[in-house]
Amino acid sequence: MATYAVTDIGTLVTNDPALGDGPLGVRRDAAMVFEDGRVAWVGDSRDAPAADSGRSLHGRALLPGFVESHSHLVFAGDRAEEFAARMTGKPYTAGGIRTTIAATRAASDEQLEANMRRLLAEARRSGSTTVECKSGYGQTAHDELRSVRVAERMTDEVTLLAAHVPPPEYAGRADDYVAMVIADMIEPCAAHAKWIDVFCERGAFDADQSRAVLKAGVAQGLVPRVHGNQLGPGPGVRLAVDLEAASVDHVTYTTPADIDALAGSSTVATLLPGAEFSTRHPYPDARALIDAGVTVALGADCNPGTSYTTSLPFCIALAVREMRMTPEEAVWAVTAGGAKALRRTDIGHLGLGARADAIALDAPSYLHLAYRPGVPLIREVWKDGVLSVGS
Ligand code: NIG
Ligand code: FE
């Protein structure tokens, strides 16, 4: 098979401590060879073997492609007015989701697909090479099935967010909605999804309702993940740990008992600072989580309500400036952390045999991702060893 060499890498992040310094496995003046869509060689640039083609980075940085483990891309419309009202003091409530449910139900599959493709292209230009996508704006058996079928055309990481918020026709009847989800929605959708998610929050679903939905998903072969503790303290974190969920996401309001439970578990805490930015909630206590030994990922949570951004570089900058994560922790969290949240070992690092998903910055070091906020630093993106952004 053809080989492709990336040489003169100023700073290479491998996320493989055996290949370089620290948890990021950093090497200077490095080179990497891709073969057959995988990483085939890593070493000093001066030792790089001859390859069929490639390019010099002239001292710029190379990192693993970002792994976006939390997004909601199957929807129609936007909620710009709701955002503007929030910025003048109106609080966010989960009920805003119903605006998007109405628009999504009214949209054709083609419109939903086109919107998701547009957002995926945007995410790719920001360095995301894997993007998880949730349903959750249909909230009927028919519209959730449409949503997961649209999503599976564009990503392998599809999540059935079966219980996002009780839709208008079930207002005040969340138990009845949950019964419908379990009876009519999960089985037909399960063939098109990998994960099952619920919004376990006041105004959405309580612990018993969330548990029932997640267990019904597990019975159909789906793996649980949970939206929890976003808008206030609650049972989401402990439910996720109890069910050995792959991740619990948001984790904005935590008690010491929540942090202890996470620290003793395999559940990843996925922090989504774009949501706090856009709802004016406080940022999650990343330091307490990391210092307790919790595995932390960062996601952009792209959705039209709480976080209409696909940019993980923006989230890195927020995490470093507002959540006191080190640049190294933030870079790890959008690469290796995202991969752990999706239980993937082939992505999120650039060790030998890893998928050749990589990004080159228009900067000499990964530090610039936080140091130069708002600047489009992603200059090239390779997906499976093929250049997909840059020329
Ligand atoms: O992740 N928390 C629930 N779901 C989304 C928000 C959805 C919306 O407001 O449309 C989130 O923040
Ligand atoms: Fe979300």
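Whatever order the structure lists ligands and atoms in, that order sets their numbers, starting from 1. Only heavy atoms go into these numbers, but all of them, side chains included; no hydrogens, no water, no symmetry mates.
For ligand 1, the atoms lying closer than 4.0 Å to a non-hydrogen atom of H72 are 1 (O), 4 (N), 5 (C), 11 (C). Interface of H70 with ligand 1, defined as ligand atoms under 4.0 Å from a residue heavy atom, comprises 1 (O). Atoms of ligand 1 lying under 4.0 Å from any heavy atom of I97, numbered from 1 in the order shown and given with element: 7 (C), 8 (C), 9 (O), 10 (O). Per-residue contacts place G305 under 4.0 angstrom from the following atoms of ligand 1 (heavy atoms of the residue considered): 8 (C), 9 (O), 10 (O).
For the residue pair E82 / Y92, no side-chain donor-acceptor distance below 3.5 Å is found, with atom types taken as modelled. Judged purely by distance below 3.5 Å, without hydrogens or angles, the side chains of R86 and S278 pair a donor atom with an acceptor atom.
Aromatic ring pairs are classed by plane angle as parallel below 30°, tilted from 30° to 60° and perpendicular above 60°; the pair H368 and Y371 is perpendicular. Using a 30° and 60° split on the angle between ring planes, F314 and F277 fall in the perpendicular class, above 60°.
As for D301, its N/O/S atom nearest the Fe ion (ligand 2) is the one called OD1.
Screening V42, T14, D16 against L352 for a side chain to side chain contact (heavy atoms under 4.5 Å, CB included) leaves a single residue, V42.
For atom 11 (C) of ligand 1, the closest heavy atom belonging to the protein is D301 OD2, 3.3 Å. Closest to atom 12 (O) of ligand 1 among all protein heavy atoms lies T306 OG1, 2.6 Å. Scanning the protein for heavy atoms near atom 9 (O) of ligand 1, the closest one is Y92 OH, 2.5 Å. For atom 2 (N) of ligand 1, the nearest non-hydrogen atom of the protein is Q230 OE1, 2.5 Å. In terms of protein heavy-atom proximity, atom 7 (C) of ligand 1 is nearest to Y137 OH, 3.2 Å. For atom 4 (N) of ligand 1, the nearest protein heavy atom (residue, atom name, distance) is H164 NE2, 2.8 Å.
Using modelled atom types, no side-chain atom of H250 and backbone atom of T252 make a donor-acceptor pair closer than 3.5 Å. Under a 3.5 Å cut-off, the side chain of Q220 and the backbone N or O of G217 do not form any donor-acceptor pair. At distances below 3.5 Å, at least one donor-acceptor pair connects side-chain atoms of S135 with backbone N or O atoms of L161.
Using a 4.0 Å cut-off between charged side-chain N and carboxylate O, E132 and K134 make a salt bridge.
The Fe ion (ligand 2) is the vertex of the angle joining NE2 of H70 and NE2 of H72, which measures 100° to the nearest 10°.
Residue contacts with ligand 1: H250 is included, with a non-hydrogen atom under 4.0 Å away.
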